[in-house]
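All values below come from the heavy atoms of this structure, side chains included, with hydrogens, waters and symmetry mates left out. To find a chain, count down the sequence lines: A is the first, B the second, and so on, and within it residues start at 1. Please read all numbers here as calculations on a predicted model, not as lab measurements.
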Amino acid sequence: MGMTGIEIFKLLPKTNCGECGVSTCLAFAMNLAAGKAELASCPYVSEEAKKILAEQSAPPIRTVVIGTGNYATKVGGELVQFRHEKTFNNPTGLGCVISTDESDASIEGKLNRFKALQFERVGITMRPEFIAIQDKTNDPAKYKAFVEKIMGLTDAALILVSPNPDVMEAALSVAKDRKPLIYAVTMKNGPKMAPIAKKYECPVAIRSDGTLDTAMKITQNLTKMEIKDIVIDTGVRDLKTAFTHSVQIRRAALVDRQRALGFPTIVFANEMASTPEEEAIVAATFIAKYGGIVLLSDLQPHFVYPLLLQRLNIFTDPQRPMTAEPGVYPINNPNENSPILVTCNFSLTYFIVSGEIESSRQPAWLVVKDTEGLSVMTAWAAGKFSGEDVGAWIKKCGVLDKVKHKSVVIPGYAAAISGELEEELSGYNVVVGPREASQITKFLKAFTPQ
Amino acid sequence: MAFEPTKQKYTGAIRQVTLGTGPKAVTVGGRSCFPFYTFEGSMPNAPRIAMEVWDKNPGDDWPAAAREPFADVLDDPAAWAKKCVEVYGAEMIALQTRSADPNADNRPAEEVAAVVKKVVDAVDVPVIVWGVANHEKDIEVMRLVAEQCSGKRLALAPVEEGDHKQIGASCMAYGHVVVASSPIDVNLAKQLNVLLGNLGVRDDNILIDPTTGALGYGLEYTYSVMERITQAALAQGDDKLANPIINNIGIEVWKTKEAGQSAEEAPELGDPKMRAIMMEAVTAVSFLLAGSDIVVLRHPETVKLVKGYIEKMMA
């Protein structure tokens, strides 16, 4: 990826002045290629060389920021085709479309659902980010008033949808400070729409005619005008073709370094399905496969919640385990006679163990010990789930004050620590629980803390 | 000049595996590109859906929304399987032998196998028999099932490292397919396939079960292991991983907290039935995109939705 040291060397002054900190321009070029130096360290590099090097070192897919404040949302910026190669960076933006011909009740319903859809999971807030405002009036004054009304009702990142440059400009005159996404520049309206995007300095989507060729032509035209924050819609509404394009765009940008396709994409799932269920699985397709923004017709929680979970899963960094907050979790309203169960803070273990306890309908205190995201067995093997550590945490976390009994249940896979833990917690019975979470219900039903 | 997208170079193809016999036999695999990347390779066989049936009434283990379509047949696994085929158009049945679980009902192996036989005889589509992942019990049950359903080309699951010799031998002796199950790890998946090969199980009698994590409960681990298996098989010439993949989805999704919460318990999550169906469907779609060849699903509406999806993606 990028230029070689020799290619960079050719663009440098070749004076070996040493002011950059290394003795030769060649050594400096090698450092630049390796990402170990900044071009700014060279006081004599030409403007021309700066421009070429900046272009070459730019990330293969542009990161575009849409919206402001709490809803300033990054899309794009991806570096891999498969998440296990590194990680996916910016979660697919989710939102819904509101049209100027909708009733007030319908609009209010969507915006209320938008606001209500906020879920905490493993310390991350899951929520939709976008509201697209679609013009059906073709009347600049009416659309402007409508956009103003919606702006007053939500802080969402906005997408302004109209093919008419006059309509778009009217809306931008009031909405520009919210950094909305302008949708869209086409081959036809480009000469009028592109200058508006430039003038208002807002990110802009292009809509192609269903081909990648036209998409590239339009983005190249915009790039020539020094418009950089671009989002691509190929114009296709057929699921399979859109999927193929999505894969090809990602690959062209990353593998071929095709600049004209190095932008995030937008998917109108609402225009690609005949039922809300189908719409949701179209959305799921593009959460997994490279969609920058995916829009739905509405935000019913039974459709959006599964998509938010999927997005959380797909965009989790595989290099870093997700962790649950260490602490004491009361489950099913436990009291002073309820058992104490100890586990690790690997998020998956936490979800499964707490889920099994919940479904057992038996009250319990679940103590989550910090294992840096390792599972019980791995943590034990790595010395992060020793009797001493676990004992110290049980004393410190305060769970012992919540009960009258003298029993602590440890995971079956950590049976080896029971002796050491009994020493650490003198006077307490250490009970070895089941190895698998699926046996927790059976265990709890038969277990009475002593 | 028209834009020419880069093509991935593939070195191999997933081998084909056939389940069942007669006109309703199902062949999966054969794919020579990443899932649905038909612009640069072929997918001769569409991914298939197996409908989940239990060998006992699941009672409270299943949320009401999952029981409702089968309310009239939950006590009769054969009638249940028949309903899946005749009413819901199931192309395969995945029979979970939950009654065998030594930690629950612990029904004797002979009785469990007799029910499996009844189900297999009641339908003309291929049957996957999914055990309880207890080696001793599964070995006992699967030995009887393999023998009594000789020549039916069932798929027997899960076959793990600890019981692969016994269940693998039963499959070889009576002509069934092995579902090689490993705990979310590419190397362990490969190792088990090698072990089965050493035992004498033919490559085209093996399906890979990578272990399935539900949406929100480890989906990402399964997803990436499947992508890595697919890449190894198709782009890195790893013949020992070039087998079709099966995901046991229904049982994992429907036991999650969110799939079971009522409208009163979780008003913020919308309609409970639709939520659970969508959780199952989104899980299925994710795994189909990562390389699944067979998805085991529970709710008829999920089945319908995912079937339509596969048709569109195969276009």
Side-chain angles (χ1 to χ4, degrees), chain A residues 82-84 116-119 121 211-213 215-216 238-241 243-244 247-249 251-252 255-256 258 260-261 275-278 280-285 287-289 300-307 309-310 312-316 318 322 348 351-352 354-355 358-359 434 438-439 442, chain B residues 1-8 34 36-39 61 103-104 133 213 215-221 223-225 227-228 231 255-258 260 266-286 288-290 301 304-306 308-309 312-315:
Chain A
F82 300 97
R83 61 185 291 282
H84 64 260
L117 280 164
Q118 307 253 356
F119 304 98
R121 202 177 172 91
T211 68
L212 296 182
D213 283 322
M216 290 167 68
D238 160 68
L239 173 65
K240 181 61 183 291
T241 315
F243 169 80
T244 301
V247 170
Q248 290 177 335
I249 289 172
R251 204 188 271 168
V255 181
D256 301 334
Q258 175 53 258
L261 293 174
T275 66
E277 294 93 313
E278 282 177 29
I281 58 174
V282 167
T285 305
I287 287 171
K289 284 292 182 180
Q300 292 295 345
H302 40 262
F303 296 121
V304 179
Y305 183 72
L307 295 174
L309 281 182
Q310 185 208 19
L312 180 75
N313 285 165
I314 296 288
F315 283 84
T316 291
M322 300 281 272
L348 199 55
F351 281 129
I352 292 170
S354 61
E358 265 177 50
S359 64
S438 56
Q439 301 306 318
K442 196 185 169 204
Chain B
M1 201 176 73
F3 171 62
E4 285 285 339
T6 301
K7 288 197 165 53
Q8 167 78 39
F34 293 147
F36 306 109
Y37 285 31
T38 46
F39 58 93
D61 284 352
N103 292 306
L215 183 68
Y217 294 83
L219 174 138
E220 70 271 36
Y221 297 93
Y223 184 88
S224 283
V225 160
E227 287 200 328
R228 291 179 62 193
Q231 279 184 327
K255 76 177 181 199
T256 64
K257 183 171 86 180
E258 292 90 337
E268 71 283 6
L269 296 182
D271 180 64
K273 177 178 156 188
M274 186 54 83
R275 179 207 318 143
I277 289 169
M278 290 317 298
M279 286 182 69
E280 190 176 29
V282 169
T283 306
V285 163
S286 302
L288 288 167
L289 292 168
E301 284 185 37
K304 197 173 142 205
L305 199 55
V306 175
Y309 178 78
K312 279 187 203 153
M313 291 297 283
M314 289 300 292

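- Interface remark: of the candidates B/Ser286, B/Ala290, B/Ala276, B/Gly216, B/Gly216 forms the most heavy-atom pairs closer than 4.5 Å to chain A.
- In this structure, chain A has a heavy atom under 4.5 Å from the side chain of B/Glu258, while its backbone stays farther away.
- Contact tally against chain B (heavy-atom pairs below 4.5 Å) for A/Ile249, A/Leu117, A/Leu212, A/Thr285: the top residue is A/Thr285.
- When the candidates B/Glu268, B/Gln231, B/Arg275, B/Lys255 are compared by the number of heavy-atom contacts under 4.5 Å with chain A, B/Gln231 comes out ahead.
- Ranked by heavy-atom pairs under 4.5 Å with chain B, the list A/Val247, A/Ile314, A/Ile287 is led by A/Val247.
- For a residue to count as touching a neighbouring chain, one of its non-hydrogen atoms must lie under 4.5 Å from one of that chain's; by this rule A/Arg83 touches chain B with backbone and side chain alike.
- No donor-acceptor pair under 3.5 Å is formed between the side chain of A/Arg251 and the backbone N or O of B/Pro5.
- Of the listed residues (B/Met314, B/Met279, B/Glu301), the greatest number of heavy-atom pairs within a distance under 4.5 Å of chain A belongs to B/Met279.
- The two residues A/His84 and B/Ser224 come nearest to each other via the heavy atoms ND1-O, 3.9 Å.
- Distance check, rounded to the nearest 0.5 Å: CG of A/Leu239 to NZ of B/Lys312 gives 6.5 Å.
- Among A/Gln258, A/Gln300, A/Gln310, the residue with the largest count of heavy-atom pairs under 4.5 Å with chain B is A/Gln310.
- For B/Lys304, the NZ atom is loosely surrounded, since the number of other residues' heavy atoms within 6.0 Å does not exceed 12.
- Remark: B/Leu305 CG to A/Glu277 CD distance equals 6.5 Å, nearest 0.5 Å.
- In this structure, the portion of A/Phe243 lying under 4.5 Å from any heavy atom of chain B is its side chain and not its backbone.
- Both the backbone and the side chain of A/Ala288 come within contact range of chain B, judged by heavy atoms closer than 4.5 Å.
- Under the 4.5 Å side-chain criterion, counting only non-hydrogen atoms from C-beta, A/Phe119 is in contact with B/Leu269.
- Residue B/Phe3 holds its CZ atom at 7.0 Å from CD of A/Gln248, rounded to the nearest 0.5 Å.
- Only the side chain of A/Leu261 comes within contact range of chain B, with heavy atoms under 4.5 Å apart.
- Using a 4.5 Å cut-off between heavy atoms, A/Thr316 touches chain B through its side chain atoms alone.
- Of the two parts of B/Phe39, only the side chain, counted from C-beta on, holds a non-hydrogen atom closer than 4.5 Å to a non-hydrogen atom of chain A.
- Here the closest non-hydrogen pair linking A/Ala280 and B/Met278 is CB-CE, 3.4 Å.
- B/Phe34 pairs by the ring-ring contact (aromatic ring centres under 6.0 Å, His included) definition with A/Phe82, B/Tyr10, B/Tyr37, not counting sequence neighbours.
- Taking the charged nitrogens against the carboxylate oxygens, A/Glu358 and B/Lys257 do have a contact shorter than 4.0 Å, which makes a salt bridge.
- Within the 4.5 angstrom heavy-atom criterion, atoms from both the backbone and the side chain of A/Ile281 approach chain B.
- A 4.5 Å side-chain heavy-atom check between B/Thr38 and A/Thr244 finds every atom pair outside the cut-off.
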